[in-house]
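Chain A is the first sequence line, chain B the second, and so forth, proteins listed ahead of strands; every chain is numbered from 1. Not measured: the values here are computed from a predicted model.
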Number of protein chains: 2
Amino acid sequence: MKIQENYTCALLLSMDLLGGKWKMRILWHILNGDNRFSLLQKGIPDITSKMLITQLKELEQSNILTRTVVSEKPLNVEYTLSTDYKGLIPLVEGFCDFSKEYAQQNGISLGDL
Amino acid sequence: MKIQENYTCALLLSMDLLGGKWKMRILWHILNGDNRFSLLQKGIPDITSKMLITQLKELEQSNILTRTVVSEKPLNVEYTLSTDYKGLIPLVEGFCDFSKEYAQQNGISLGDL
DNA sequence: CTGCATCCCAAAGGATACTG
DNA sequence: CAGTATCCTTTGGGATGCAG
(Lines give C-alpha, C1' and ligand atoms only; values in the text may rest on other atoms or scores of the structure.)
Protein backbone atom coordinates (compact mmCIF):
# COMPACT_ATOMS: atom_id res chain seq x y z
CA MET A 1 0.00 0.00 0.00
CA LYS A 2 1.19 3.49 -0.62
CA ILE A 3 -0.07 5.75 2.18
CA GLN A 4 2.90 6.72 4.38
CA GLU A 5 2.94 7.41 8.09
CA ASN A 6 4.65 10.73 7.76
CA TYR A 7 4.14 13.57 5.34
CA THR A 8 5.97 16.84 5.14
CA CYS A 9 3.13 18.45 3.23
CA ALA A 10 -0.63 18.10 3.51
CA LEU A 11 -1.10 18.20 -0.23
CA LEU A 12 1.21 15.23 -0.72
CA LEU A 13 -1.14 13.22 1.45
CA SER A 14 -4.14 14.48 -0.50
CA MET A 15 -2.58 13.40 -3.75
CA ASP A 16 -1.75 9.97 -2.41
CA LEU A 17 -5.32 9.57 -1.23
CA LEU A 18 -7.21 11.10 -4.12
CA GLY A 19 -4.74 11.53 -6.96
CA GLY A 20 -4.67 9.63 -10.20
CA LYS A 21 -6.99 9.48 -13.11
CA TRP A 22 -10.02 7.84 -11.52
CA LYS A 23 -10.57 8.40 -7.81
CA MET A 24 -12.34 11.74 -7.94
CA ARG A 25 -14.54 10.55 -10.77
CA ILE A 26 -15.46 7.41 -8.88
CA LEU A 27 -16.31 9.47 -5.83
CA TRP A 28 -18.51 11.73 -7.88
CA HIS A 29 -20.47 8.82 -9.26
CA ILE A 30 -20.86 7.24 -5.84
CA LEU A 31 -22.13 10.55 -4.52
CA ASN A 32 -24.62 10.60 -7.37
CA GLY A 33 -26.16 7.24 -6.75
CA ASP A 34 -23.88 4.80 -8.56
CA ASN A 35 -23.14 2.81 -5.44
CA ARG A 36 -22.62 -0.60 -7.08
CA PHE A 37 -19.77 -2.00 -9.12
CA SER A 38 -21.97 -2.44 -12.16
CA LEU A 39 -23.52 1.00 -11.85
CA LEU A 40 -20.06 2.52 -11.69
CA GLN A 41 -19.06 0.64 -14.82
CA LYS A 42 -22.07 2.02 -16.64
CA GLY A 43 -21.50 5.52 -15.34
CA ILE A 44 -17.79 5.46 -16.23
CA PRO A 45 -17.78 3.57 -19.52
CA ASP A 46 -14.09 4.17 -20.18
CA ILE A 47 -12.83 2.39 -17.08
CA THR A 48 -11.85 -1.27 -17.08
CA SER A 49 -12.98 -3.60 -14.34
CA LYS A 50 -9.39 -3.94 -13.23
CA MET A 51 -8.90 -0.22 -12.77
CA LEU A 52 -12.29 0.15 -11.12
CA ILE A 53 -11.68 -2.54 -8.52
CA THR A 54 -8.14 -1.33 -7.92
CA GLN A 55 -9.27 2.20 -7.19
CA LEU A 56 -12.22 1.06 -5.08
CA LYS A 57 -9.92 -1.09 -2.98
CA GLU A 58 -7.47 1.74 -2.40
CA LEU A 59 -10.27 4.09 -1.41
CA GLU A 60 -11.64 1.44 0.93
CA GLN A 61 -8.26 0.70 2.47
CA SER A 62 -7.76 4.38 3.19
CA ASN A 63 -11.17 4.49 4.93
CA ILE A 64 -12.60 6.95 2.45
CA LEU A 65 -15.12 4.46 1.10
CA THR A 66 -17.13 1.92 3.01
CA ARG A 67 -17.81 -1.42 1.35
CA THR A 68 -20.91 -3.25 2.49
CA VAL A 69 -21.88 -6.74 1.39
CA VAL A 70 -25.64 -6.54 0.97
CA SER A 71 -26.16 -10.19 0.01
CA GLU A 72 -23.97 -13.19 -0.71
CA LYS A 73 -26.01 -15.07 -3.29
CA PRO A 74 -26.16 -13.36 -5.61
CA LEU A 75 -23.20 -11.24 -4.55
CA ASN A 76 -24.32 -7.71 -4.00
CA VAL A 77 -21.99 -5.02 -2.71
CA GLU A 78 -22.56 -1.40 -1.87
CA TYR A 79 -19.99 1.39 -1.81
CA THR A 80 -20.60 4.57 0.13
CA LEU A 81 -18.55 7.56 1.19
CA SER A 82 -17.49 7.15 4.81
CA THR A 83 -19.41 9.44 7.13
CA ASP A 84 -16.09 10.73 8.43
CA TYR A 85 -15.21 12.26 5.09
CA LYS A 86 -18.34 13.97 3.93
CA GLY A 87 -16.07 16.97 3.71
CA LEU A 88 -14.97 15.62 0.34
CA ILE A 89 -18.33 16.39 -1.23
CA PRO A 90 -17.73 20.13 -1.69
CA LEU A 91 -14.28 19.35 -3.06
CA VAL A 92 -15.60 17.00 -5.72
CA GLU A 93 -18.27 19.48 -6.65
CA GLY A 94 -15.81 22.32 -6.55
CA PHE A 95 -13.71 20.62 -9.19
CA CYS A 96 -16.74 20.06 -11.38
CA ASP A 97 -17.70 23.69 -11.11
CA PHE A 98 -14.17 24.80 -11.83
CA SER A 99 -14.03 22.64 -14.94
CA LYS A 100 -17.31 23.98 -16.23
CA GLU A 101 -16.17 27.55 -15.73
CA TYR A 102 -12.81 26.79 -17.29
CA ALA A 103 -14.35 25.01 -20.26
CA GLN A 104 -16.62 27.94 -20.95
CA GLN A 105 -13.83 30.47 -20.83
CA ASN A 106 -11.49 28.41 -22.97
CA GLY A 107 -13.77 27.09 -25.66
CA ILE A 108 -13.71 23.50 -24.49
CA SER A 109 -16.68 21.23 -24.93
CA LEU A 110 -17.82 19.17 -21.96
CA GLY A 111 -20.03 16.78 -23.88
CA ASP A 112 -23.48 16.14 -22.52
CA LEU A 113 -23.51 16.04 -18.68
CA MET B 1 0.23 19.75 -25.06
CA LYS B 2 -2.32 17.61 -23.36
CA ILE B 3 -5.52 19.62 -22.85
CA GLN B 4 -8.15 18.34 -25.31
CA GLU B 5 -10.91 20.27 -26.97
CA ASN B 6 -13.61 17.89 -25.89
CA TYR B 7 -14.25 16.17 -22.62
CA THR B 8 -17.02 13.78 -21.72
CA CYS B 9 -16.56 14.46 -18.04
CA ALA B 10 -15.76 17.62 -16.11
CA LEU B 11 -13.47 15.79 -13.71
CA LEU B 12 -11.33 14.52 -16.54
CA LEU B 13 -10.65 18.11 -17.48
CA SER B 14 -9.88 18.97 -13.87
CA MET B 15 -7.38 16.17 -13.64
CA ASP B 16 -5.68 17.20 -16.87
CA LEU B 17 -5.42 20.75 -15.59
CA LEU B 18 -4.48 20.14 -11.97
CA GLY B 19 -3.57 16.48 -11.64
CA GLY B 20 -0.16 15.04 -11.02
CA LYS B 21 2.15 15.22 -8.09
CA TRP B 22 3.04 18.89 -8.12
CA LYS B 23 0.47 21.32 -9.50
CA MET B 24 -1.70 21.74 -6.42
CA ARG B 25 1.38 22.11 -4.24
CA ILE B 26 2.83 24.73 -6.54
CA LEU B 27 -0.45 26.62 -6.50
CA TRP B 28 -0.52 26.53 -2.73
CA HIS B 29 2.95 28.02 -2.50
CA ILE B 30 2.17 30.70 -5.05
CA LEU B 31 -0.93 31.59 -3.07
CA ASN B 32 1.23 31.86 0.01
CA GLY B 33 3.76 34.28 -1.35
CA ASP B 34 6.29 32.11 -3.16
CA ASN B 35 5.80 33.85 -6.47
CA ARG B 36 9.32 33.38 -7.88
CA PHE B 37 11.07 30.38 -9.31
CA SER B 38 13.70 30.44 -6.57
CA LEU B 39 11.15 30.90 -3.81
CA LEU B 40 9.21 27.93 -5.09
CA GLN B 41 12.36 25.84 -5.10
CA LYS B 42 12.99 26.77 -1.49
CA GLY B 43 9.39 26.16 -0.48
CA ILE B 44 9.25 22.80 -2.27
CA PRO B 45 12.71 21.39 -1.60
CA ASP B 46 11.93 17.99 -3.09
CA ILE B 47 11.16 19.28 -6.59
CA THR B 48 13.78 19.43 -9.34
CA SER B 49 14.13 22.49 -11.53
CA LYS B 50 12.99 20.45 -14.49
CA MET B 51 9.75 19.39 -12.85
CA LEU B 52 9.16 22.87 -11.49
CA ILE B 53 9.55 24.59 -14.84
CA THR B 54 7.53 21.90 -16.60
CA GLN B 55 4.60 22.27 -14.23
CA LEU B 56 4.78 26.07 -14.28
CA LYS B 57 4.70 26.04 -18.05
CA GLU B 58 1.70 23.77 -18.20
CA LEU B 59 -0.16 25.90 -15.68
CA GLU B 60 0.75 28.98 -17.66
CA GLN B 61 -0.29 27.47 -20.99
CA SER B 62 -3.65 26.55 -19.55
CA ASN B 63 -4.12 30.14 -18.36
CA ILE B 64 -4.24 29.19 -14.71
CA LEU B 65 -1.01 30.99 -13.92
CA THR B 66 0.18 34.33 -15.22
CA ARG B 67 3.89 34.76 -15.83
CA THR B 68 5.23 38.28 -15.65
CA VAL B 69 8.78 39.28 -16.50
CA VAL B 70 9.66 41.86 -13.88
CA SER B 71 13.14 42.62 -15.18
CA GLU B 72 15.38 41.27 -17.92
CA LYS B 73 18.84 41.82 -16.43
CA PRO B 74 18.98 40.14 -14.08
CA LEU B 75 16.08 37.96 -15.16
CA ASN B 76 13.27 38.23 -12.67
CA VAL B 77 9.94 36.53 -13.19
CA GLU B 78 6.76 36.54 -11.21
CA TYR B 79 4.07 33.89 -11.18
CA THR B 80 0.56 34.65 -10.02
CA LEU B 81 -2.79 32.91 -10.10
CA SER B 82 -4.89 34.28 -12.94
CA THR B 83 -7.68 36.50 -11.73
CA ASP B 84 -10.11 34.33 -13.70
CA TYR B 85 -9.43 31.33 -11.52
CA LYS B 86 -9.43 32.63 -8.00
CA GLY B 87 -12.04 29.96 -7.50
CA LEU B 88 -9.19 27.52 -7.13
CA ILE B 89 -8.19 28.99 -3.78
CA PRO B 90 -10.91 27.29 -1.74
CA LEU B 91 -10.13 24.03 -3.53
CA VAL B 92 -6.45 24.13 -2.64
CA GLU B 93 -7.30 24.99 0.92
CA GLY B 94 -10.02 22.40 1.00
CA PHE B 95 -7.51 19.71 0.20
CA CYS B 96 -5.18 20.94 2.92
CA ASP B 97 -8.00 20.88 5.44
CA PHE B 98 -9.09 17.44 4.35
CA SER B 99 -5.56 16.11 4.73
CA LYS B 100 -5.20 17.55 8.19
CA GLU B 101 -8.48 16.02 9.27
CA TYR B 102 -7.59 12.73 7.66
CA ALA B 103 -4.12 12.66 9.20
CA GLN B 104 -5.53 13.25 12.65
CA GLN B 105 -8.10 10.49 12.35
CA ASN B 106 -5.66 7.99 10.90
CA GLY B 107 -2.57 8.56 13.01
CA ILE B 108 -0.52 10.13 10.28
CA SER B 109 2.06 12.78 10.99
CA LEU B 110 2.07 15.91 8.87
CA GLY B 111 5.50 17.16 9.88
CA ASP B 112 5.81 20.79 10.83
CA LEU B 113 3.53 23.04 8.74
C1' DC C 1 18.41 33.69 -11.27
C1' DT C 2 15.56 31.29 -14.58
C1' DG C 3 15.31 27.74 -17.45
C1' DC C 4 16.54 23.80 -21.07
C1' DA C 5 18.30 19.04 -22.80
C1' DT C 6 19.20 14.14 -22.21
C1' DC C 7 18.80 10.05 -20.58
C1' DC C 8 16.46 6.84 -17.73
C1' DC C 9 13.23 4.21 -14.85
C1' DA C 10 9.39 2.91 -11.88
C1' DA C 11 4.87 3.01 -11.68
C1' DA C 12 0.35 4.00 -13.34
C1' DG C 13 -2.72 2.51 -16.35
C1' DG C 14 -4.79 -0.43 -20.49
C1' DA C 15 -6.21 -5.07 -23.14
C1' DT C 16 -7.88 -9.30 -22.78
C1' DA C 17 -9.52 -13.28 -20.87
C1' DC C 18 -11.19 -15.75 -17.02
C1' DT C 19 -13.66 -16.99 -12.12
C1' DG C 20 -16.81 -17.70 -7.72
C1' DC D 1 -22.81 -9.40 -10.04
C1' DA D 2 -18.37 -8.60 -8.48
C1' DG D 3 -14.29 -9.43 -9.02
C1' DT D 4 -9.05 -11.79 -10.65
C1' DA D 5 -4.96 -12.80 -13.44
C1' DT D 6 -1.45 -11.74 -17.01
C1' DC D 7 0.77 -9.29 -19.93
C1' DC D 8 1.91 -5.12 -22.04
C1' DT D 9 2.31 0.07 -23.05
C1' DT D 10 2.66 4.64 -21.74
C1' DT D 11 4.07 8.46 -19.13
C1' DG D 12 5.08 10.98 -15.20
C1' DG D 13 8.73 12.06 -12.95
C1' DG D 14 13.95 11.79 -11.29
C1' DA D 15 19.28 12.60 -12.06
C1' DT D 16 22.53 15.23 -13.95
C1' DG D 17 24.61 18.69 -16.44
C1' DC D 18 24.40 22.84 -19.27
C1' DA D 19 22.74 27.74 -20.91
C1' DG D 20 21.03 32.73 -21.42
Side-chain angles (χ1 to χ4, degrees), chain A residues 1-4 8-9 11-12 14-27 29-30 33-62 65-80, chain B residues 1-4 8-9 11-12 14-27 29-30 33-62 65-80:
Chain A
M1 185 45 172
K2 60 171 189 168
I3 305 298
Q4 319 299 139
T8 56
C9 169
L11 286 170
L12 271 180
S14 287
M15 295 319 292
D16 275 0
L17 290 168
L18 301 168
K21 187 174 177 178
W22 300 111
K23 290 201 175 73
M24 296 289 284
R25 262 181 102 184
I26 291 173
L27 285 182
H29 280 276
I30 287 178
D34 294 343
N35 56 348
R36 309 295 165 108
F37 190 92
S38 51
L39 289 176
L40 287 166
Q41 277 192 313
K42 270 182 203 149
I44 314 176
D46 49 338
I47 199 172
T48 63
S49 59
K50 176 204 164 185
M51 287 314 298
L52 180 53
I53 197 63
T54 302
Q55 304 299 306
L56 286 171
K57 265 188 189 164
E58 290 181 11
L59 288 168
E60 189 202 347
Q61 283 173 18
S62 57
L65 287 186
T66 304
R67 179 181 182 270
T68 312
V69 176
V70 178
S71 76
E72 288 284 0
K73 281 173 193 285
L75 185 50
N76 198 332
V77 175
E78 186 178 285
Y79 292 94
T80 51
Chain B
M1 184 47 173
K2 59 172 190 170
I3 305 298
Q4 319 299 138
T8 56
C9 171
L11 286 170
L12 271 179
S14 286
M15 294 318 293
D16 276 0
L17 291 169
L18 301 169
K21 186 174 175 178
W22 300 110
K23 292 202 175 71
M24 295 290 285
R25 263 181 102 184
I26 290 172
L27 285 182
H29 281 276
I30 287 178
D34 292 343
N35 56 349
R36 309 296 165 106
F37 190 91
S38 50
L39 289 176
L40 288 167
Q41 278 193 312
K42 270 182 203 150
I44 315 176
D46 49 337
I47 199 172
T48 63
S49 62
K50 175 204 165 186
M51 288 315 298
L52 180 53
I53 196 65
T54 303
Q55 304 299 307
L56 285 172
K57 261 190 193 165
E58 289 181 12
L59 288 169
E60 188 201 349
Q61 283 173 17
S62 57
L65 287 185
T66 303
R67 178 181 183 273
T68 311
V69 176
V70 178
S71 76
E72 288 283 1
K73 282 173 193 285
L75 185 50
N76 198 334
V77 174
E78 186 178 283
Y79 292 95
T80 50

*Asks:* Figure out the CG/P separation between B/Asp34 and C/dT2, and round it to whole Å.
*Replies:* 12 Å
*Asks:* Provide, to the nearest angstrom, the distance between the NZ atom belonging to B/Lys57 and the P atom belonging to C/dA5.
*Replies:* 7 Å
*Asks:* For the side chain of A/Asn76, counting heavy atoms from C-beta on, which of C/dA15, D/dA2, C/dC4 is nearest?
*Replies:* D/dA2
*Asks:* In whole angstroms, how far is the C1' atom of C/dA12 from the CG atom of A/Asp16?
*Replies:* 13 Å
*Asks:* For the side chain of B/Gln55, counting heavy atoms from C-beta on, which of D/dA2, D/dG13, C/dG14 is nearest?
*Replies:* D/dG13
*Asks:* Are B/Leu52 and B/Trp22 side-chain neighbours, meaning at least one heavy-atom pair lies under 4.5 Å?
*Replies:* no
*Asks:* Starting from P on C/dC1, measure out to CD1 on B/Ile53 and report it in whole angstrom.
*Replies:* 14 Å
*Asks:* For D/dG13 and B/Thr54 - does any side-chain N or O of the residue sit under 4.0 Å from the phosphate oxygens OP1/OP2?
*Replies:* no
*Asks:* Between D/dA2 atom C1' and A/Leu39 atom CG, what is the distance in whole Å?
*Replies:* 12 Å
*Asks:* Starting from C1' on D/dG12, measure out to CD1 on B/Ile26 and report it in whole angstrom.
*Replies:* 13 Å
*Asks:* DNA chain D: A/Gln41 or B/Met51, which has the more 5' nearest nucleotide?
*Replies:* A/Gln41
*Asks:* For a 4.5 angstrom cut-off between non-hydrogen side-chain atoms, does A/Arg25 reach B/Met15?
*Replies:* no
*Asks:* Is the phosphate of C/dG3, meaning OP1 or OP2, less than 4.0 Å from a side-chain N or O of B/Arg67?
*Replies:* yes
*Asks:* Which nucleotide wins on minimum distance to the side chain of B/Val77, given the candidates D/dA2, C/dG13, C/dT2?
*Replies:* C/dT2
*Asks:* What pair of heavy atoms forms the shortest contact from A/Leu65 to A/Ile30, and how long is it?
*Replies:* CD1-CD1, 3.6 Å
*Asks:* Please tell me which of the listed nucleotides, D/dA2, D/dG13, D/dT4, lies nearest to the side chain of A/Phe37?
*Replies:* D/dA2
*Asks:* For the residue pair A/Gln55 and A/Lys21, establish whether any side-chain heavy-atom pair is separated by less than 4.5 Å.
*Replies:* no
*Asks:* Are OP1 or OP2 of D/dC1 and a side-chain N or O of A/Lys73 less than 4.0 angstrom apart?
*Replies:* no
*Asks:* Please confirm whether any donor atom in the side chain of B/Ser49 sits under 3.5 Å from an acceptor in the base of C/dT2, or the reverse.
*Replies:* no
*Asks:* For D/dC1, does OP1 or OP2 lie under 4.0 Å from any side-chain N or O of A/Tyr79?
*Replies:* no
*Asks:* Can you tell if the side chain of A/Lys42 reaches within under 4.5 Å of the side chain of A/Asp34, non-hydrogen atoms only?
*Replies:* no
*Asks:* Roughly, in whole Å, what's the span from NZ in B/Lys2 to P in D/dT10?
*Replies:* 17 Å
*Asks:* Look at A/Ser38 and D/dA2 and indicate whether a side-chain polar atom (N or O) is within less than 4.0 Å of OP1 or OP2.
*Replies:* yes
*Asks:* Answer with yes or no whether A/Lys50 presents, from its side chain, a donor or acceptor under 3.5 Å of a partner atom in the base of C/dG14.
*Replies:* yes
*Asks:* What is the distance, to the nearest angstrom, from the CG atom on A/Leu52 to the P atom on C/dA12?
*Replies:* 17 Å
